[in-house]
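One structure below.
Each chain gets a letter, A, B and so on, in the order its sequence line appears, and its residues count up from 1.
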Protein chains: 2
Amino acid sequence: MTEKIDSVDLKILKILQEDAKKTTKEVANILNLTASPVYERIRRLEKKGYIKKYVALLDKKLTNNPITALCMVSLRYHNEGFIDTFDKQIRALPEVQECYHMAGKVDFFLKINVQSLDAYHEFVRLKLSKIDNIGVLESYFVLKEIFHTTEYHLES
Amino acid sequence: MTEKIDSVDLKILKILQEDAKKTTKEVANILNLTASPVYERIRRLEKKGYIKKYVALLDKKLTNNPITALCMVSLRYHNEGFIDTFDKQIRALPEVQECYHMAGKVDFFLKINVQSLDAYHEFVRLKLSKIDNIGVLESYFVLKEIFHTTEYHLES
DNA sequence: CGTGAAAACTGTGAGTC
DNA sequence: GACTCACAGTTTTCACG
């Protein structure tokens with residue numbers, strides 16, 4: 001069903017996850033091919049879901065989101081309904097960039113970007129804490145973003 | 001120096017951070033403009049650093065990175081040299097997708113993607129713990145990625 | 001910001017190995 | 001099955017008004 005991809009596909013993925021603006025022609029040149037097979041391979045990788053989407057990455061500070069907070073959330077009750085509800089409510093918050101359901105004491109892990117510490121205060125006060133069933137809520141602030149990539153390690 | 005961007009620029013950023021494959025023509029249609037001004041605005045947003053890069057987002061599982069771990073690192077000593085060294089060494093690890101220097105007890109926060117728990121074990125054993133000056137190292141595992149976007153909340 | 005035109009790219013069909 | 005080649009239709013890029 002999901003046949004494995006070959007080494008050419010892998011190279012295409014490596015190139016595109018680093019620079020999606022490379023044209024099929026440029027990719028073809030790197031791989032010593034012509035544009036057509038590369039074009040078809042990319043279409044296939046998109047259709048099979050290897051490539052999920054193409055996005056522009058923006059500057060955090062210039063777009064007025066200099067503050068990044070990491071937030072650990074524990075729910076009070078843990079039945080299925082509450083977890084799904086949390087899921088739906090958290091997706092609706094545009095300040096939240098990542099949300100993971102965790103193994104261990106903490107239930108959810110959030111990464112949040114806002115314009116100021118005041119804004120974070122308001123975010124917690126007016127939005128996060130309004131979500132039902134939140135027990136413990138612990139926030140940690142980023143002093144400096146050392147490193148951030150959307151690339152995965154591609155091997156085999 | 002860095003003049004503010006206007007509401008048209010902001011709309012362009014919103015569109016492109018959601019779908020970088022939209023053509024200037026499509027963007028122009030949405031904004032009731034022609035392609036040229038949109039083209040020039042995008043160039044300017046790139047040059048001024050609002051748009052950092054264009055990337056393809058890949059599927060974590062299909063690319064053999066189903067395991068995500070969050071890892072808190074505390075250094076033993078905290079002089080400048082050690083922090084810079086940690087910075088350099090951590091960038092060299094392709095499994096690490098995000099690294100933040102934190103305020104508080106924990107010094108660094110890492111997000112790591114690997115193909116298996118065994119691979120994570122090896123990653124810690126052979127790579128992370130080889131970095132000088134690491135004191136405490138605590139790992140948390142993601143059960144389920146609820147939500148993950150590269151988009152920022154754009155306002156004003 | 002719009003017009004318009006040249007250059008480059010995309011996407012597809014026909015044919016090769 | 002994957003490739004090369006050829007080509008029409010789009011898009012990009014940019015000078016000019």
Side-chain angles (χ1 to χ4, degrees), chain A residues 1-59 62-64 149-156, chain B residues 1-59 61-64 149-152 154-156:
Chain A
M1 159 135 222
T2 313
E3 323 90 63
K4 247 184 64 63
I5 61 174
D6 65 14
S7 73
V8 176
D9 287 333
L10 205 62
K11 281 174 193 158
I12 292 174
L13 291 177
K14 280 185 189 174
I15 293 168
L16 293 182
Q17 78 167 340
E18 212 246 306
D19 178 10
K21 274 288 143 100
K22 279 228 167 26
T23 64
T24 37
K25 205 177 177 184
E26 288 175 309
V27 176
N29 281 338
I30 295 172
L31 303 177
N32 290 315
L33 287 170
T34 54
S36 319
V38 173
Y39 171 77
E40 276 156 20
R41 280 169 179 271
I42 292 174
R43 279 286 100 66
R44 198 163 43 80
L45 290 168
E46 289 167 358
K47 198 148 96 197
K48 289 198 179 170
Y50 285 85
I51 296 172
K52 292 200 296 186
K53 64 191 302 200
Y54 298 93
V55 301
L57 299 182
L58 307 185
D59 186 272
L62 290 177
T63 56
N64 240 292
T149 180
T150 54
E151 296 172 33
Y152 290 116
H153 186 205
L154 299 185
E155 227 42 77
S156 101
Chain B
M1 162 135 219
T2 314
E3 322 90 65
K4 247 184 64 63
I5 60 175
D6 65 15
S7 73
V8 176
D9 287 333
L10 205 63
K11 282 174 192 157
I12 292 174
L13 291 177
K14 279 185 189 173
I15 292 168
L16 293 182
Q17 79 167 339
E18 211 246 310
D19 177 10
K21 274 288 142 102
K22 281 229 166 27
T23 63
T24 35
K25 205 177 178 184
E26 288 174 309
V27 176
N29 281 339
I30 295 172
L31 303 177
N32 289 317
L33 288 170
T34 53
S36 324
V38 174
Y39 170 76
E40 277 157 19
R41 280 168 180 272
I42 293 174
R43 278 288 99 66
R44 198 163 43 80
L45 290 168
E46 290 166 356
K47 199 147 96 197
K48 288 197 180 172
Y50 285 85
I51 297 172
K52 290 200 297 185
K53 62 192 300 198
Y54 299 93
V55 301
L57 298 182
L58 307 185
D59 187 90
K61 288 175 186 167
L62 290 176
T63 55
N64 241 293
T149 180
T150 53
E151 295 172 33
Y152 291 115
L154 299 186
E155 226 44 77
S156 101

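Between the NZ atom of Lys4(A) and the P atom of dG1(D) there is a distance of 18 Å, given to the nearest Å. Here dG1(D) presents its C1' atom at 17 Å from CD1 of Ile5(A), a figure rounded to the nearest Å. Between the P atom of dC9(C) and the NZ atom of Lys21(A) lies a distance of 13 Å, rounded to the nearest Å. The distance between atom CG of Asp9(A) and atom P of dG1(D), rounded to the nearest whole Å, is 15 Å. Straight-line distance from the CZ atom of Arg41(A) to the P atom of dG1(D): 13 Å, rounded to whole Å. In this entry the distance linking CD of Glu40(B) with C1' of dG17(D) reads 13 Å, nearest Å. Rounded to whole angstrom, the span from the OH atom of Tyr39(B) across to the C1' atom of dA15(D) amounts to 12 Å. Across the protein-nucleic acid pair, Arg44(A) atom CZ and dT12(C) atom C1' stand 17 Å apart, rounded to whole Å.
The heavy-atom pair separating Val38(B) from Thr34(B) by the smallest distance is CG2-O, 3.6 Å.
Residue Leu45(A) holds its CG atom at 5.0 Å from CG of Leu13(A), rounded to the nearest 0.5 Å. The CD atom of Glu46(A) sits 3.5 Å away from atom OH of Tyr54(A), with the distance rounded to the nearest 0.5 Å.
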If you apply the rule side-chain contact (heavy atoms from CB on, under 4.5 Å), what do you find for Arg44(A) with Arg41(A), and how did you get there?
CA-CA 5 Å; Arg44(A) 198 163 43 80; Arg41(A) 280 169 179 271; 3.8 Å; yes
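For the pair Glu40(B) (side chain) and Pro37(B) (backbone), a donor-acceptor distance under 3.5 Å is absent.
Near DNA chain C, meaning a heavy atom under 4.0 Å from it, residues 23-38 of chain A has Thr23(A), Thr24(A), Lys25(A), Ser36(A) in order of number.
Counting non-hydrogen atoms of other residues, nucleotides and ligands closer than 6.0 Å to NZ of Lys53(B) gives a total above 12.
One finds no side-chain N or O of Arg43(B) lying less than 4.0 angstrom from the OP1 or OP2 phosphate oxygen of dC14(D).
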